[in-house]
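Down below is the structure, laid out as structure tokens.
Everything numeric here is computed off the predicted structure, so don't read it as measured data.
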Amino acid sequence: MTSSSKNLGELFDSFEREAFRLETLDDYSGSGNTEAYRRFLAGEPRPESYNDEWVAELRSHTSKGKRIYRVHILSRPLTPYLRFELGWGYRTNQAGGEEFFILDTTDKANPLDGVGDFWLFDSGTPVAMYYDDAGAVTGRETLPEARSSEFVAYRDTALTHAEPFSEWWAKHGE
């Protein structure tokens, strides 16, 4: 699958107000950070420089007043990958100003059942993300602006049912 206009990198370089991400998978281990994930599984401490490039990228946006935020739909118990992503990734990326929310479906129905991963830039440009069963990205598709209201509704539903990551982590983190 290919994008139909700007690719994800171009959109990330050019968004003006906000970038929203919906994550729905329990495992993205096929999509990168494999060495860090191996270290996490081996019980090694998080390296001091973990995610430095991404945190710098985040700061380059948030320092200009742009908002970057995401909701992760998950249920407990967490998979090893989710323990890694939340424990190492989210907690590190917060230093760059990225905001995280958790939509925990452990004891309730998923209000976005069947909705896949996506990015939404400035409430106007959705990018559908596709993955294989190992959590590896298989494609990205920049969707027409005419479909943005559908993804704005997904975003708003996710945020309505989610709680801030820090509050969720205080109750359920490890």
Phe20 vs Phe118 aromatic rings, parallel, tilted or perpendicular, using cut-offs 30° and 60°?
tilted
Restricting to side chain to side chain contact (heavy atoms under 4.5 Å, CB included), what partner residues turn up for Thr79, sequence neighbours left out?
Asp26, Tyr81, Leu82
Using the side chain to side chain contact (heavy atoms under 4.5 Å, CB included) criterion, which residues pair with Thr105? Sequence neighbours excluded.
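Checked Thr105 against side chain to side chain contact (heavy atoms under 4.5 Å, CB included); matches are Ile73, Ser75, Leu103, Asn110.
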Check: Tyr130/Glu141 side-chain N/O donor and acceptor closer than 3.5 Å
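Yes, side-chain donor-acceptor contact under 3.5 Å.
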Checking [X] now: which residues fulfil side chain to side chain donor-acceptor pair (under 3.5 Å) with it, not counting sequence neighbours?
{"X": "His161", "value": "none"}
{"X": "Arg67", "value": "Glu99"}
{"X": "Arg17", "value": "none"}
{"X": "Ser31", "value": "none"}

Is any side-chain heavy atom of [X] less than 4.5 Å from a side-chain heavy atom of [Y]?
{"X": "Glu145", "Y": "Pro126", "answer": "no"}
{"X": "Thr34", "Y": "Arg38", "answer": "no"}
{"X": "Ile68", "Y": "Phe15", "answer": "yes"}
{"X": "Glu163", "Y": "Phe101", "answer": "no"}
{"X": "Phe12", "Y": "Trp119", "answer": "yes"}
{"X": "Leu120", "Y": "Val152", "answer": "yes"}
{"X": "Glu98", "Y": "Tyr90", "answer": "no"}

Once you round to the nearest 0.5 Å, how far does NE2 of His61 lie from NZ of Lys64?
7.0 Å
To the nearest 0.5 Å, how far apart are CD in Glu85 and CG in Asn33?
9.5 Å
Using only atom types and a distance under 3.5 Å, with no angle test, would you say the side chain of His172 pairs donor to acceptor with the backbone of Asp104?
no
Residue pairs, two or more places apart or on separate chains, that pass salt bridge (charged side-chain N to carboxylate O under 4.0 Å, His left out) and touch residues 113-127:
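Matches after skipping sequence neighbours: Arg21-Asp117.
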Indicate, with yes or no, if Val127 and Trp54 share a hydrophobic cluster defined by side-chain heavy-atom contacts under 4.5 Å among Ile, Leu, Val, Met, Phe, Trp and Tyr.
yes
Same cluster or not: Leu58 versus Leu8, using hydrophobic residues (I, L, V, M, F, W, Y) connected whenever any side-chain heavy atoms lie under 4.5 Å apart?
yes
Across all chains, not counting sequence neighbours, the ring-ring contact (aromatic ring centres under 6.0 Å, His included) partners of Phe40 are Phe84, Trp88
Residues forming a salt bridge (charged side-chain N to carboxylate O under 4.0 Å, His left out) with [X], sequence neighbours excluded:
{"X": "Glu18", "result": "Arg155"}
{"X": "Glu23", "result": "Arg70"}
{"X": "Glu150", "result": "Arg147"}

Does anything in residues 39-49 form a side-chain hydrogen bond (donor to acceptor under 3.5 Å, both in side chains)? List the pairs, not counting sequence neighbours.
Arg46-Thr92
